[in-house]
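Report on the following structure.
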Amino acid sequence: MFEFTLNGTAGAARAGTLALPHGTVQTPCFMPVGTHGAVRGLHPDEVAAAGAQIILGNTYHLHLRPGEDVVAQLGGLHRFSTWSKPMLTDSGGFQVFSLSAMRKLDEQGVEFVSHIDGSKRFISPEKSMEIQWALGADVIMAFDHLLPGQSSAEDAHDAMQRTLRWLDRCRHRHGELTAGDPNRQTLWPIVQGGTHADLRHASLMGILERGPWTGVAIGGLSVGEPKPAMHRVLEGLNPHLPVDRPRYLMGVGFPDDLIEGIARGVDLFDCVAATRNGRHGSAWTADGKVSVRGATLRLDPGPLDADCDCAACTRFSRAYLRHLFVAEEQLGQRLVSIHNIRFLIRLAETARARILDGTFDSWAAAWRSRYFAKGETS
RNA sequence: GGUGGGGUGGCCGAGUGGCUAAUGGCAGCAGACUGUAAAUCUGCCGGGCUACGCCCUACGUAGGUUCGAAUCCUACCCCCACCA
């Protein structure tokens with residue numbers, strides 16, 4: 001269980017297969033985010049129909065509501081949500097970052113003020129493991145400390161070292177929890193270190209010393225740093241990452257980020273942008289972004305993206321989708337969310353095919369020039 | 001026909017002498033969003049410019065008072081309510 005098989009490579013790009021308790025995942029792969037145990041706005045069948053092989057859940061949010069005890073009593077997150085394929089939960093580490101204004105951090109852990117009712121909640125590495133074990137995802141993440149993208153070397157060093165110390169505690173507690181059932185859930189560590197090459201290297205070395213691991217995540221990117229900085233981090237880590245383990249670039253990304261990540265050896269991605277932008281009326285297409293509310297779509301009978309096979313593109317016109325947004329019908333938000341998810345999943349699927357047939361580089365080059373032809377940024 | 005109330009930018013609606021090209025809201029337009037405190041947030045929104053400044057045209061219509069009027073006065077037009 002948790003084995004990763006490399007099926008082929010093209011330069012740094014890799015195509016693999018990851019075996020998890022609830023199924024296998026073919027990589028490269030985009031994982032939709034379902035913070036509260038649901039991909040926002042979508043039915044699990046729609047998520048599966050979009051080609052999702054694995055989705056995320058969130059420790060912090062599910063801990064607050066409904067509580068991991070409730071989820072456990074209802075049979076775990078898979079049964080509770082009826083999502084039967086693999087699942088990964090984030091540790092709450094991202095909330096250390098995103099809720100920085102309402103938390104207090106020390107070596108022991110992080111005290112959050114609940115954004116729901118103002119109550120104080122304490123999450124430590126051990127607590128995160130306990131919550132994630134109760135939720136029951138196939139893959140769980142270490143509780144880490146991440147910082148804004150442009151943090152100083154001193155701050156990044158501090159957070160990176162804390163993340164390593166917390167990793168020891170995560171591993172210890174998770175080992176206790178899974179002792180009787182080691183094939184049910186696996187824990188992945190997270191490389192931190194900001195945009196500082198030496199810190200990233202030290203973080204990875206610290207992680208590998210503590211191994212073995214069934215996968216390695218790269219966190220703390222796409223949090224405000226310039227894109228080339230993220231690319232340099234990935235390039236710096238690539239030669240040192242275990243070849244036979246999946247690499248998960250956390251919280252990334254936009255379509256071009258998937259291309260650049262895959263080209264630099266990343267296997268797994270997750271990002272809320274597909275669903276959030278979908279709800280906000282921004283769709284990705286092979287020719288760049290399309291604002292679904294845009295006046296130019298008013299009488300456009302064509303699909304959002306002529307190349308797309310999603311539930312929105314195979315049936316509805318741009319004019320109708322625009323109408324739904326203007327009329328504030330939820331169907332519009334749902335359809336564009338489905339489209340964006342399908343777009344990223346299909347991008348990863350195509351990348352995999354191109355890696356396997358050896359044409360990844362030329363395909364990626366053509367993809368970039370078309371996607372950015374209109375001069376857009378992402 | 002009489003009495004009272006009212007006519008403000010695409011719509012609704014503030015504003016009762018200068019700080020008003022005119023508060024708000026809606027509609028419209030554009031943009032942002034990366035391990036989800038987001039069905040959210042931001043900007044533009046009379047016209048024209050050799051534009052972070054200037055010039056036009058604007059508060060029913062026409063005239064008047066005033067250094068200065070959406071704001072005061074007069075006439076007219078229209079709308080609403082009630083009374084005949």
Side-chain angles (χ1 to χ4, degrees), chain A residues 30-42 54-62 64-65 88-103 112-118 121 128 132 137 139-149 163 188 190-192 217-227 230 248-258 260-261 266 268-284 289-298 322 324-337 340 344 376-378:
Chain A
F30 170 73
M31 310 183 283
V33 179
T35 305
H36 297 111
V39 177
R40 200 156 289 174
L42 304 186
I54 171 172
I55 63 172
L56 300 214
N58 183 276
T59 294
Y60 172 78
H61 292 283
L62 290 167
L64 289 187
R65 201 162 47 188
L88 179 154
T89 44
D90 185 32
S91 60
F94 184 73
Q95 279 64 45
V96 175
F97 163 76
S98 65
L99 303 176
S100 60
M102 32 199 305
R103 52 80 168 159
F112 294 97
V113 174
S114 163
H115 65 276
I116 296 169
D117 62 7
R121 305 301 180 110
S128 177
Q132 293 189 80
V139 179
I140 72 166
M141 302 309 302
F143 190 62
D144 61 337
H145 182 187
L146 77 126
L147 297 171
T163 296
W188 287 357
I190 303 172
V191 177
Q192 287 295 346
I218 302 159
L221 291 174
S222 274
V223 282
E225 81 287 358
K227 292 204 181 206
M230 176 170 85
Y248 164 30
L249 178 54
M250 303 185 75
V252 177
F254 299 154
D256 55 306
D257 295 326
L258 262 65
E260 302 312 331
V266 175
L268 296 164
F269 301 85
D270 80 281
C271 190
V272 303
T275 42
R276 179 181 292 165
N277 290 13
R279 287 194 305 285
H280 295 173
S282 183
W284 291 313
K289 280 182 297 192
V290 169
S291 177
V292 182
R293 289 191 308 250
T296 55
L297 307 197
R298 197 167 75 89
R322 171 181 141 84
L324 293 177
F325 267 89
V326 170
E328 296 182 65
E329 276 296 335
Q330 291 190 0
L331 180 61
Q333 303 184 326
R334 296 187 44 232
L335 287 172
V336 179
S337 292
N340 281 344
L344 292 185
E376 291 183 24
T377 48
S378 263

Using atom [atom1] of [X] as one end and atom [atom2] of [N] as the other, report the distance to the nearest whole Å.
{"X": "R293(A)", "N": "A39(B)", "atom1": "CZ", "atom2": "C1'", "answer": "10 Å"}
{"X": "N277(A)", "N": "A38(B)", "atom1": "CG", "atom2": "C1'", "answer": "11 Å"}
{"X": "H280(A)", "N": "C33(B)", "atom1": "NE2", "atom2": "C1'", "answer": "7 Å"}
{"X": "Q95(A)", "N": "U34(B)", "atom1": "CD", "atom2": "P", "answer": "13 Å"}
{"X": "L56(A)", "N": "U36(B)", "atom1": "CG", "atom2": "P", "answer": "7 Å"}
{"X": "I116(A)", "N": "A37(B)", "atom1": "CD1", "atom2": "P", "answer": "11 Å"}
{"X": "F94(A)", "N": "C33(B)", "atom1": "CZ", "atom2": "C1'", "answer": "11 Å"}
{"X": "L88(A)", "N": "U36(B)", "atom1": "CG", "atom2": "C1'", "answer": "15 Å"}

On a whole-Å scale, what distance lies between the [atom1] atoms belonging to [N] and [M]?
{"N": "U20(B)", "M": "C26(B)", "atom1": "P", "answer": "23 Å"}
{"N": "U65(B)", "M": "A51(B)", "atom1": "C1'", "answer": "38 Å"}
{"N": "A21(B)", "M": "C45(B)", "atom1": "P", "answer": "15 Å"}
{"N": "C80(B)", "M": "U74(B)", "atom1": "C1'", "answer": "24 Å"}
{"N": "A58(B)", "M": "A69(B)", "atom1": "P", "answer": "13 Å"}
{"N": "G15(B)", "M": "G68(B)", "atom1": "P", "answer": "26 Å"}
{"N": "U42(B)", "M": "U34(B)", "atom1": "P", "answer": "16 Å"}
{"N": "G25(B)", "M": "A14(B)", "atom1": "P", "answer": "15 Å"}

Under 4.0 Å between a side-chain N or O of [X] and OP1 or OP2 of [N]?
{"X": "R279(A)", "N": "A38(B)", "answer": "no"}
{"X": "R40(A)", "N": "A38(B)", "answer": "yes"}
{"X": "N58(A)", "N": "U36(B)", "answer": "yes"}

Pairing residues for [X] by the side chain to side chain contact (heavy atoms under 4.5 Å, CB included) criterion, not counting sequence neighbours:
{"X": "L331(A)", "result": "Y320(A), L324(A), R334(A), L335(A)"}
{"X": "S337(A)", "result": "L42(A), T275(A), R279(A)"}
{"X": "V223(A)", "result": "F97(A), L146(A), E225(A)"}
{"X": "R103(A)", "result": "V96(A), S100(A), L105(A), V110(A), F112(A), H145(A)"}

Within the 4.0 Å heavy-atom criterion, would you say [X] contacts the bases, only the backbone, or no part of the nucleic acid?
{"X": "H61(A)", "result": "sugar-phosphate"}
{"X": "Q192(A)", "result": "base"}
{"X": "M102(A)", "result": "base"}
{"X": "G220(A)", "result": "base"}
{"X": "S282(A)", "result": "base"}

Using the side-chain heavy atoms of K289(A), tell me which of these nucleotides is nearest: G31(B), A32(B), U34(B). A32(B)
Side chain of F254(A) only, heavy atoms from C-beta on: which candidate in A37(B), U36(B), U34(B) is closest?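 Of all the options, the side chain of F254(A) is nearest to U34(B).
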Main-chain N/O of [Y] paired with [X] side-chain donor or acceptor, under 3.5 Å:
{"X": "T89(A)", "Y": "Q132(A)", "answer": "no"}
{"X": "N340(A)", "Y": "A274(A)", "answer": "yes"}
{"X": "R322(A)", "Y": "V292(A)", "answer": "no"}

So what's [N] paired with, Watson-Crick or G-U wobble, going by both distances under 3.5 Å?
{"N": "C45(B)", "value": "none"}
{"N": "U71(B)", "value": "none"}
{"N": "A21(B)", "value": "none"}

Would you say the side chains of Y248(A) and D270(A) form a donor-acceptor pair under 3.5 Å?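 A donor-acceptor contact under 3.5 Å links the two side chains.
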N/O contacts under 3.5 Å, protein versus nucleotides 26-28 of chain B?
none

Using only heavy-atom distances, decide whether a donor-acceptor pair under 3.5 angstrom links the side-chain of T275(A) to the base of U36(B).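 Indeed, a donor on one side and an acceptor on the other fall under 3.5 Å apart.
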Does the U34(B) base have a donor-acceptor partner in the side chain of D257(A) within less than 3.5 Å?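 For D257(A), whose side chain was compared with the base of U34(B), there is a donor-acceptor pair (under 3.5 Å).
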Which residue, Q330(A) or T35(A), contacts RNA chain B at a nucleotide closer to its 5' end, judged by nearest heavy atom? T35(A)
Tell me which of L99(A) and T296(A) sits closer to the 5' end of RNA chain B, going by the nucleotide each one is nearest to.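 Residue closer to the 5' terminus by nearest nucleotide: T296(A).
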Distance, nearest 0.5 Å, that separates SG of C271(A) from CG of L344(A):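 Separation between the atoms: 7.5 Å.
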Could you tell me whether C59(B) is syn or anti, where syn means a glycosidic angle within 90 degrees of zero?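 Classified anti.
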Set of residues satisfying ring pair (Phe, Tyr, Trp, His ring centres under 6.0 Å) with respect to H61(A), sequence neighbours excluded: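 Partners of H61(A) under the ring pair (Phe, Tyr, Trp, His ring centres under 6.0 Å) test: H36(A), H115(A).
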